[in-house]
2 protein chains.
Amino acid sequence: MASSRSTEKPSIQAADSPTCDKPLVHLDNVRQVQPEVLSTAKAQRMAEFFSALSDPHRLKLLSALARQELCVCDLAAAVKMGESAVSHQLRVLKSQRLVKYRRQGRNVFYSLADSHITAVYREVADHLDE
Amino acid sequence: MASSRSTEKPSIQAADSPTCDKPLVHLDNVRQVQPEVLSTAKAQRMAEFFSALSDPHRLKLLSALARQELCVCDLAAAVKMGESAVSHQLRVLKSQRLVKYRRQGRNVFYSLADSHITAVYREVADHLDE
DNA sequence: GTTACCACTGAACACCTGCTCAGAGGATTG
DNA sequence: CAATCCTCTGAGCAGGTGTTCAGTGGTAAC
């Protein structure tokens with residue numbers, strides 16, 4: 001038999017878990033939980049999304065855009081950042097589809113992309129307020 | 001109306017904006033939006049919260065805990081990480097009150113802290129699925 | 001008491017993030 | 001076309017993040 005503890009552990013190894021050098025205190029729990037664990041790919045995508053929201057300057061930009069659409073230099077003035085820095089951060093927000101934009105003459109106007117954002121915002125605000 | 005393009009800029013400076021070397025294309029917009037911008041303190045708190053969710057391993061841990069409470073070594077096995085790494089990450093999740101824990105003998109069992117977490121999870125999943 | 005086990009911690013290291021600075025691209029004005 | 005404005009991009013660098021490794025503390029079993 002495989003493994004470790006004392007006298008138990010009947011036919012513990014799942015077919016796809018070839019080796020088991022870890023302590024595994026409650027192996028049955030582990031096996032129940034494992035199918036519920038996020039896939040690496042999906043965890044990665046969600047992490048990138050939250051990562052886009054994990055900077056105070058980006059959150060300020062979003063809160064400004066929640067009011068109305070704005071161009072880059074106005075955003076920079078509103079949140080007191082350099083325009084280059086704003087542009088870099090907007091790129092991050094764009095990559096996660098948190099904002100959309102339209103060109104008008106020399107300006108590029110940004111606005112929030114969809115409504116999930118505000119919903120997430122509210123849930124988090126509730127969580128932090130308690 | 002106030003402002004915008006070429007020949008104006010009469011008494012533009014707000015009382016608390018002493019200097020203005022930035023382009024400020026649409027000053028009226030900026031002044032409308034500014035009070036809506038998150039305070040630095042609140043933006044910081046929200047950023048820290050999202051930051052706790054911005055790592056794929058931590059998201060995997062949370063998805064495992066969504067099923068049932070687990071101790072550290074079981075978590076390590078479920079998400080295929082070292083136990084030390086899990087312990088470090090759980091510290092982050094604890095600091096944002098995303099998980100709670102109870103001691104039982106040699107084990108420490110972790111579980112999700114409250115329901116806002118799953119709500120946030122659903123909103124983000126919806127956002128990413130479209 | 002001794003041993004084994006589970007969990008936590010600190011240090012060191014590699015990697016990633018976000019800023020500033022300098023410059024390029026695109027569009028409008030004169 | 002020349003000049004100006006708004007925006008974007010790449011390089012370079014401080015600072016933060018996440019891992020492993022080694023060691024500590026606390027609890028249960030012998």
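Keep in mind it's a predicted model, so treat the numbers as computed, not measured. Proteins come first, then strands; the chains are lettered A, B, ... in the order of their sequence lines, and each starts at number 1.
- Rounded to a whole Å, the CG atom of B:L90 is 11 Å from the C1' atom of C:dC8.
- Taking the six-membered ring where tryptophan is involved, the planes of A:F49 and B:H127 are tilted, since the angle between them lies from 30° to 60°.
- We find that CG of B:D74 is positioned 11 Å from C1' of C:dC6, with the value rounded to whole Å.
- Within 3.5 Å, no donor on the side chain of A:S84 pairs with an acceptor on the base of C:dC19, nor the reverse.
- You'll find that the side chain of B:Y110 is closest to C:dC8, out of D:dT20, D:dT9, C:dC8.
- The phosphate of D:dT19 (OP1 or OP2) has a side-chain N or O of B:Q89 nearer than 4.0 angstrom.
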Discussion item. Assess the residue pair B:L98 and B:L112 against the criterion (side-chain contact (heavy atoms from CB on, under 4.5 Å)); give the C-alpha distance rounded to whole Å, side-chain angles, the decisive distance to 0.1 Å, and a yes or no.
Written reply: CA-CA 6 Å; B:L98 287 164; B:L112 295 190; over 6 Å; no
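- When distances are taken from the side chain of B:R106 to each of C:dC5, C:dG18, C:dA27, the shortest belongs to C:dC5.
- Atom P of nucleotide D:dC6 and atom NE2 of A:H88 are separated by 19 Å, given to the nearest angstrom.
- Taking atom CD of A:E83 as the reference point, atom P of C:dT20 lies 11 Å away to the nearest angstrom.
- Note on B:V92: it does not cluster hydrophobically with A:V37, by side-chain heavy-atom contacts below 4.5 Å among ILVMFWY residues.
- Comparing C:dA7, D:dC6, D:dG18 by their closest approach to the side chain of B:S87 singles out C:dA7.
- At the phosphate of D:dT27, neither OP1 nor OP2 sits under 4.0 Å from any side-chain N or O atom of B:N107.
- Across residues 50-71 of chain B, B:D55, B:H57, B:R58 each have a non-hydrogen atom less than 4.0 Å from an atom of DNA chain D (numbered order).
- With values rounded to the nearest 0.5 angstrom, B:E48 atom CD is found 11.5 Å from B:S54 atom OG.
- Within the model, atoms CG of B:L75 and OG of B:S87 stand 10.5 Å from one another, a figure rounded to the nearest 0.5 Å.
- When rounded to the nearest whole Å, the span between NE2 of A:H26 and C1' of C:dC5 equals 12 Å.
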Practice prompt. Take B:M46 and A:L128 through the side-chain contact (heavy atoms from CB on, under 4.5 Å) test and state the conclusion after the steps.
Written response: CA-CA 8 Å; B:M46 290 190 75; A:L128 293 178; 3.7 Å; yes
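- The distance from atom CE of A:M81 to atom P of C:dG18 is 10 Å, rounded to the nearest whole Å.
- Residue pairs satisfying the ring pair (Phe, Tyr, Trp, His ring centres under 6.0 Å) criterion with at least one member in residues 72-110 of chain A, sequence neighbours excluded, are listed as follows: A:Y101-A:Y110, A:F109-B:H26.
- Mapped onto DNA chain C by nearest heavy atom, A:Q104 and A:V92 fall at different nucleotides, with A:V92 at the one closer to the 5' end.
- Here C:dG26 presents its P atom at 21 Å from CZ of A:R102, a figure rounded to the nearest Å.
- To the nearest angstrom, P of C:dT17 lies 13 Å from CZ of A:R91.
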